[in-house]
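Here is the structure we will look at.
Atoms within a ligand are numbered from 1 in the order they appear, just like the ligands themselves. Each residue takes its place number in the sequence, starting with 1.
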Amino acid sequence: MKILVTGGLGFIGSHTVVELQSKGYDVIIIDNCSNASPEVLKGISAISGKTPEFENIDLREKSTVKEFFSKYPDIEGVIHFAASKAVGESVENPLLYYENNLTPLIYVLQELQYKKNVAFIFSSSCTVYGQADELPITENAPIKPAKSPYGNTKQIGEEIIRDACNVQPQLKAIALRYFNPIGSHPSTEIGEQPTGIPVNLVPYLTQTAIGLRKQLSVFGNDYPTHDGTAIRDYIHVVDLAKAHVVALERMLKNNSDTNYEVFNIGTGTGSSVLEVIRTFEKISESKLNYKTVPRRKGDVTAAYADTKKANKVLGWKAESSLKEAIKSAWKWEQKLRKKV
Ligand code: WQD
């Protein structure tokens, strides 16, 4: 069975490709390599022994998308990761984010409307909740006005899919609202490779520890939390990747009585920035060089998932602890630097 993974050379995409291959699926990757290298294909095949088919095309071109689907008529599932994901960059360049995160989604969905029984997974985010009123966050929590164009593209993306599913009963879709993906595959053949200065906490932390960055800045210690730093739900990227396979199979086996569902994918546990730092220090038996600076604009105080729906309906649960996820991130960083 052939599954298309758009953005399949990316951090979460590549880990999902490996999990799909381990379940015997035939994978084809589309990636325009704007934020990932074709080198990742070597890492994928080093793990699975199989190099996925790969097309370096730009999904913002409607005719290109059309040609692709006529070249590969036997695609039965699509996992759509291809998007830009830097919150700060989206504030400076909103139109780039609306173009990059929405037009490819529309063009892919338009091709799927001619096919029967296709399963579609959308890479969404807990960002859609903003600062939720209640914690842990359930899928019924209100969607708050987005604090960034990036977050808005996730909200709009979900609405586009919902409306498409309303008029295309043959289209089955699941939106997975990720919390904070971290870590790397235990083989250290693939992992997180942010281009330039990392925006996210864990890669910046490991790059500081390895000596690539001078010092980690902790954005704010005056939050109303137990230690003053903001709380997030850090989930091992392999657990997150496995959730995509489970969601895909739910649709391929027609196990749902509705054709559009949403699931929170997290561990259900919140960890503060300081707790992440302390965990890393214990793992690496080293002191991390960090300083506290004012809060980052747009950050919420706390976000962690109520995972009961994914546990019960998908039969999926995160298995790795924060410690194991950070350990894998550190192992990956050390290997990356050895290579350089
Ligand atoms: C985590 C915590 C920061 C960097 C975003 C997107 C989400 C998803 C993951 C794509 C916060 C603090 C961070 C640093 C710090 N995006 N921090 N110093 O903002 O929760 O989520 O990335 O998949 O959709 O919204 O993740 O890792 O940037 O921040 O103190 O150098 O770490 O303030 O509290 P975030 P993050």
Side-chain angles (χ1 to χ4, degrees), residues 7 10-16 35-36 80-91 97 100-101 122-132 137 143-144 146-155 157-158 175-183 192 194 196-209 212-225 227-235 237 240-241 243-244 264-266 270-280 288-305 322 325-326 329:
F11 174 39
I12 308 167
S14 55
H15 285 82
T16 303
N35 198 19
H80 185 57
F81 291 104
S84 301
K85 58 158 212 165
V87 175
E89 183 189 43
S90 77
V91 175
Y97 270 69
N100 207 28
N101 292 10
F122 179 61
S123 156
S124 191
S125 165
C126 62
T127 310
V128 302
Y129 298 114
Q131 178 54 69
I137 305 173
I143 302 298
K144 298 239 176 116
K147 290 196 164 179
S148 70
Y150 162 78
N152 207 19
T153 64
K154 294 302 179 186
Q155 291 182 5
E158 288 191 9
L176 297 180
R177 291 175 180 164
Y178 309 157
F179 281 69
N180 287 60
I182 63 169
E192 190 165 12
I197 301 173
V199 171
N200 297 129
L201 174 66
V202 170
Y204 202 108
L205 184 156
T206 55
Q207 287 190 10
T208 302
L212 215 59
R213 308 282 161 209
K214 249 171 56 317
Q215 187 178 47
L216 170 74
S217 298
V218 172
F219 298 144
N221 66 350
D222 57 349
Y223 284 101
T225 61
D227 64 14
T229 62
I231 292 171
R232 295 291 184 275
D233 183 335
Y234 297 95
I235 176 171
V237 65
L240 176 58
H244 289 77
N264 285 344
I265 301 296
S271 305
S272 73
V273 175
L274 280 179
E275 281 167 340
V276 171
I277 292 173
R278 297 290 170 254
T279 305
F280 173 79
L288 187 80
N289 180 9
Y290 69 91
K291 65 177 177 190
T292 302
V293 298
R295 298 181 182 187
R296 179 173 65 177
K297 215 160 96 28
D299 276 348
V300 296
T301 299
Y304 50 94
L322 175 72
I326 294 175

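Residue Y150 places a heavy atom less than 4.0 Å from ligand 1. Close to ligand 1: Y234, with a non-hydrogen atom less than 4.0 angstrom away.
For the residue pair E89 and Y150, no side-chain donor N or O sits within less than 3.5 Å of a side-chain acceptor on the partner. Between T229 and N221, the side chains place no donor N or O within less than 3.5 Å of an acceptor N or O (distance only, hydrogens not considered).
Remark: minimum distance from atom 11 (C) of ligand 1 to any protein heavy atom is reached at R232 NH2, 3.8 Å. Nearest protein heavy-atom contact of atom 33 (O) of ligand 1 is D299 OD2, 2.6 Å. For atom 34 (O) of ligand 1, the nearest non-hydrogen atom of the protein is A230 CB, 3.3 Å. Of all protein heavy atoms, the one closest to atom 5 (C) of ligand 1 is N200 ND2, 3.9 Å. Here the protein heavy atom with the shortest distance to atom 19 (O) of ligand 1 is R296 NH2, 2.9 Å. For atom 18 (N) of ligand 1, the closest non-hydrogen atom on the protein side is S217 O, 2.7 Å. Given atom 25 (O) of ligand 1, the protein heavy atom at minimum distance is T127 OG1, 3.2 Å.
Looking at A303 against ligand 1, nothing comes within 4.0 Å, counting heavy atoms. Contacts between V273 and ligand 1 below 4.0 angstrom, taking non-hydrogen atoms only, involve the side chain exclusively. If you look at V87 next to ligand 1, the close heavy atoms, those under 4.0 Å, all belong to the side chain. Proximity of T229 to ligand 1, defined as any heavy-atom pair under 4.0 Å, is not found for any part of the residue.
Atoms of ligand 1 lying under 4.0 Å from at least one heavy atom of V199, given by number and element, are 4 (C), 28 (O). Close contacts of ligand 1 with V218, meaning ligand atoms under 4.0 Å from a residue heavy atom, involve 30 (O). For ligand 1, the atoms closer than 4.0 angstrom to any heavy atom of L216 are 31 (O). Of all atoms in ligand 1, listed by their number and element, those nearer than 4.0 Å to a heavy atom of S125 are 7 (C), 24 (O).
Under the 4.5 Å side-chain criterion, counting only non-hydrogen atoms from C-beta, R296 is in contact with V199.
Here the two rings, on F81 and H15, have centers that are 6.0 Å apart or farther.
Because its NZ or CZ atom is not both nearer than 6.0 Å to the ring centre of Y304 and within 45° of the ring axis, R232 does not count as a cation-pi partner of that residue. Cation-pi geometry between K154 and F122 is met: the NZ or CZ atom falls under 6.0 Å from the ring centre, inside 45° of the normal.
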Yes or no on side chain to side chain contact (heavy atoms under 4.5 Å, CB included) for F219 and R295, after CA distance, side-chain angles and deciding distance?
CA-CA 4 Å; F219 298 144; R295 298 181 182 187; 5.6 Å; no
Y204 and I197: CA distance, side-chain angles, deciding distance, side chain to side chain contact (heavy atoms under 4.5 Å, CB included) verdict
CA-CA 8 Å; Y204 202 108; I197 301 173; 3.7 Å; yes
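For ligand 1, one of its N or O atoms has an N or O atom of N180 under 3.5 Å away. For F219, a nitrogen or oxygen atom sits less than 3.5 Å from a nitrogen or oxygen atom of ligand 1, counting backbone and side chain alike. Note: an N/O pair closer than 3.5 Å links L201 and ligand 1 by distance alone. The N/O atoms of K85, backbone and side chain alike, include none that comes under 3.5 Å of an N/O atom in ligand 1.
Minimum heavy-atom separation, A82 to G7: CB-N, 3.7 Å. The two residues N180 and C126 have their closest heavy-atom pair at OD1-SG, 4.4 Å. In terms of heavy atoms, I143 sits closest to V128 at CG2-O, 3.4 Å.
Judged purely by atom type and a 3.5 angstrom limit, D233 uses its side chain to pair as donor or acceptor with the backbone of A305. Listed for the K291 side chain is no donor-acceptor partner under 3.5 Å among the backbone atoms of L216.
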